[in-house]
There are 2 protein chains.
Amino acid sequence: MYTTDLSEEQVSALRVNKDRLAKDLHYSCQWGAGIRWGDGSTDTGMQRLALSDEDKKVRDWFIETTTNLKCRVTVDEMGNIFAVRPGRRKDVPATFIGSHLDTQPTGGRYDGILGVLSGIETLKVMEEMGLETEGGVGVVNWTNEEGARFPVSMVSSGVWAECIPLERAHGLKEVPTVASLSTAASAPETMKSALEKIKYLGPVPCSYKETPMAAHFELHIEQGPHLVSAGQRVGVVTAVQAYRWYHIDVIGRDTHTGTTAFQHRADALFASARMMVRAREVADSHGCLASVGIIEAKPGSINTVPGLVSFSFDIRAPETELVTIVEADLRKEFDLIAAEEGKGIGKPCRVEWRLDFDSPAVKFHQDCIECVQQSAEAVVADANVPDSKSLVRTIMSGAGHDSVFTSKRVPTSMIFIPCKDGLSHHPEEFSTAEDCATGASVVLQAVVRYDRKRFA
Amino acid sequence: MYTTDLSEEQVSALRVNKDRLAKDLHYSCQWGAGIRWGDGSTDTGMQRLALSDEDKKVRDWFIETTTNLKCRVTVDEMGNIFAVRPGRRKDVPATFIGSHLDTQPTGGRYDGILGVLSGIETLKVMEEMGLETEGGVGVVNWTNEEGARFPVSMVSSGVWAECIPLERAHGLKEVPTVASLSTAASAPETMKSALEKIKYLGPVPCSYKETPMAAHFELHIEQGPHLVSAGQRVGVVTAVQAYRWYHIDVIGRDTHTGTTAFQHRADALFASARMMVRAREVADSHGCLASVGIIEAKPGSINTVPGLVSFSFDIRAPETELVTIVEADLRKEFDLIAAEEGKGIGKPCRVEWRLDFDSPAVKFHQDCIECVQQSAEAVVADANVPDSKSLVRTIMSGAGHDSVFTSKRVPTSMIFIPCKDGLSHHPEEFSTAEDCATGASVVLQAVVRYDRKRFA
């Protein structure tokens, strides 16, 4: 059976196997299972840091599984794994379904994992049906999407898109707080040494030119409250908000906590605390987000006022321009706070900003968005409610995803499904097997529709 | 020559050798020399963490030096080293001069070190003069006074005073932030394992009953601005302010920084930042101090809102009661802040306090204070100003010292000298050789006066 021979009704009737998808997903979560939050066998979070031993095991499983599904598997210099089920035409790139198998140190079972598993499930359905696509269908596992272990998120799709230099990515050092986990080595690894260690430093140059794609579809949990609170089933993702990541140093002066009056201090931690409080006020006033996830105070002694504080800083906004405005405001505000702390001794604190990552707002491709929209409407028709189309909405992504980088080179779109309480990056992150299957069915149909669109 | 045969004028004329004291002090700072701040050979701070390899070397030197000065040296189970120059009477305890040779990770050359070196210089002057005391004269090096590596300050004088159980002290684990220094092992040491490692787990039970003292005098830099800004030379320390150390946990919820609106967060770090800001306001309103020196945020990922923050908390006040009041106020305030953060999701942050160390305000012994006062007035007479006594003042110590614990068992007092900018716990901590010698001469005379007072 060829995709191009299917009727519109036949495409709309395509569904994944809900139970098989759930089973495969939780099977793959045996590697790196994290904090337990309930009594059920799958009631744990995940702690599968990129390129850890657990990550190696799930990668090995991914390759074995896709090879058994007759895929050709390649690994590139960033450890990205591309599994391609050949189509009828050998001269065109495959349409990809992709996401990531790494997680946050206290992450859940759906962020990234569902996206890759929906790709595997799509391949299984196609095999089962004997469906032949015109172009190939690929599934990609991108390395270190989370940026949790190596502190640039989506770094490997970024290298693939030639937006991040390979050398910079290879040289990234693991974050100390994360490195202290048992999954990390005693001496900090670089991304390259970690790739070598688990034997996933592949031979293929990491580039969209070496591993081309016709399109990239990514299924993901929403990680926000909109779908779940509105009782909607599918989000058709049309855009991704802008964000920037910074490393900020606040430099004050070490001094004794017991003998130094407040007016004689240049307390870098106190100044940082005021900055964190102010950052939320300023970001909120612009409808933006500002967050600190990592903080380190030196010298780190109970009775010494910290003379140096470093913290990560994450600003997000619906529009690229807004990030710039919030940054500019906060640079002024932080300088004012620093100038006040230590003025009594004529040695006020100083602030230094370093931009680590800049992700402008992204608009996805109209062709992909249309395929997702049509597929979503077809799948939610199962719900058997009067206006089933109202269960589908367009939505903007708050988080970055590998699709941000693929969208720079090939048509891309994403599919969101609801998750409990809008919660993610947390062990209790949860989506029902029903919602996961709905999302995967949308992916399946979207890939078929895109294949038909290309070769109509 | 016997101390009891000296005239009052002869006692008042006793002086240490300024150049020898300075030379010995800087010689001992070759072990653990820290951050360089100037061009001079002695223009560095110190980084000599308790029981590090550097600490072992200076301990070995201390024992060799005092043994050469005919002292009998003993080491107790906490690694405290007691060097006693015998007096004429064998049936009475010695009068001690003591302080500590360990430093903060970014400490200076005077805090603690000057106190021990003034003891050695006192012994040298006595030897030179052929002065025989009635009771013996001892010099003690207390282990881990700073509490920087093992997070209880004055822990070993605390065990000696039987105020801290030996088992608790031996079980203390080194602080992770400090353990990351090159001086520490890759796996955290306990205090006991660290003592064993450098062979300073002595055979003598650590107790004031096993190693009794007649009195304890301690010379220290002020670590505050009063003497230096008033142009005064000696502080006669009559009391030590009260303080408490806490470990505070703020428990919120991990969640994604990019997709979680502020009102949906239970951001443990944001709540902690507000607490730190409020703590200063509340402490200041009571004329007290409140400080955070150590902070850790988990899971420690750029794009995850921290769900757990732990920080050290240090409250100080002139009176014990005031510490209690500030603590009570802040417990309420912190609870209010925690309750606000996360209320939007019905899962507000929580705060947990653990008291790690409680040091009530201390009044020193009148006999010791008088010896110090008389000695100080005699030494500053050198200044040749009309009212030289005005160069001496009574003063309260803001910091804790080993003398806090000795004062619980034996008559104790301290001597302060000025330090540059009132700065300490900082590499640039500095006192002139002149001021150091003034302080050491006060120690020398105070010990002689106390000996005479005992056997008059």
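On a predicted model such as this, the values are computed, not experimentally measured, just so you know. Every chain is numbered from 1, with letters handed out A, B, ... down the list of sequences.
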Measuring heavy-atom distances to chain B, does A/N303 have an atom under 4.5 Å in its side chain, in its backbone, in both, or in neither?
both
Between A/E222 and chain B, with a heavy-atom cut-off of 4.5 Å, which part of the residue counts as in contact: side chain, backbone, both or neither?
backbone
Which pairs count as ring pair (Phe, Tyr, Trp, His ring centres under 6.0 Å) when at least one residue sits in residues 262-297 of chain A, sequence neighbours excluded?
none
Passes side chain to side chain donor-acceptor pair (under 3.5 Å), B/R265 versus A/S291? Steps please.
CA-CA 11 Å; B/R265 296 184 181 192; A/S291 315; 2.8 Å; yes
Could you tell me which non-hydrogen atom of [X] sits nearest to which non-hydrogen atom of [Y], and how far apart they are?
{"X": "A/D314", "Y": "B/I302", "value": "OD2-O, 4.0 Å"}
{"X": "B/P306", "Y": "A/G293", "value": "CG-O, 3.7 Å"}
{"X": "B/P105", "Y": "A/P299", "value": "CG-CB, 3.8 Å"}

Side chain to side chain, [X] and [Y], heavy atoms closer than 4.5 Å:
{"X": "A/Q104", "Y": "B/D254", "result": "no"}
{"X": "A/R316", "Y": "B/T259", "result": "no"}
{"X": "B/I345", "Y": "A/D421", "result": "no"}

Who among [options] has the most heavy-atom pairs with chain A under 4.5 Å?
{"options": "B/S424, B/G147, B/P225, B/G224", "result": "B/S424"}
{"options": "B/V292, B/L289, B/T106", "result": "B/L289"}
{"options": "B/D267, B/D111, B/V309, B/D284", "result": "B/D284"}
{"options": "B/G108, B/A283, B/A399", "result": "B/A399"}
{"options": "B/K298, B/H256, B/M275, B/R274", "result": "B/H256"}

Between B/Q241 and A/G258 (side chain of the first, backbone of the second, donor and acceptor by atom type, cut-off under 3.5 Å), is there such a pair?
yes
What residue among B/E428, B/H426, B/H425 forms side chain to side chain contact (heavy atoms under 4.5 Å, CB included) with A/R253?
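Single pass found, and it is B/H426.
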With only heavy atoms counted, which part of B/A261 is less than 4.5 Å from chain A, the side chain, the backbone, both or neither?
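B/A261 touches chain A through backbone heavy atoms alone.
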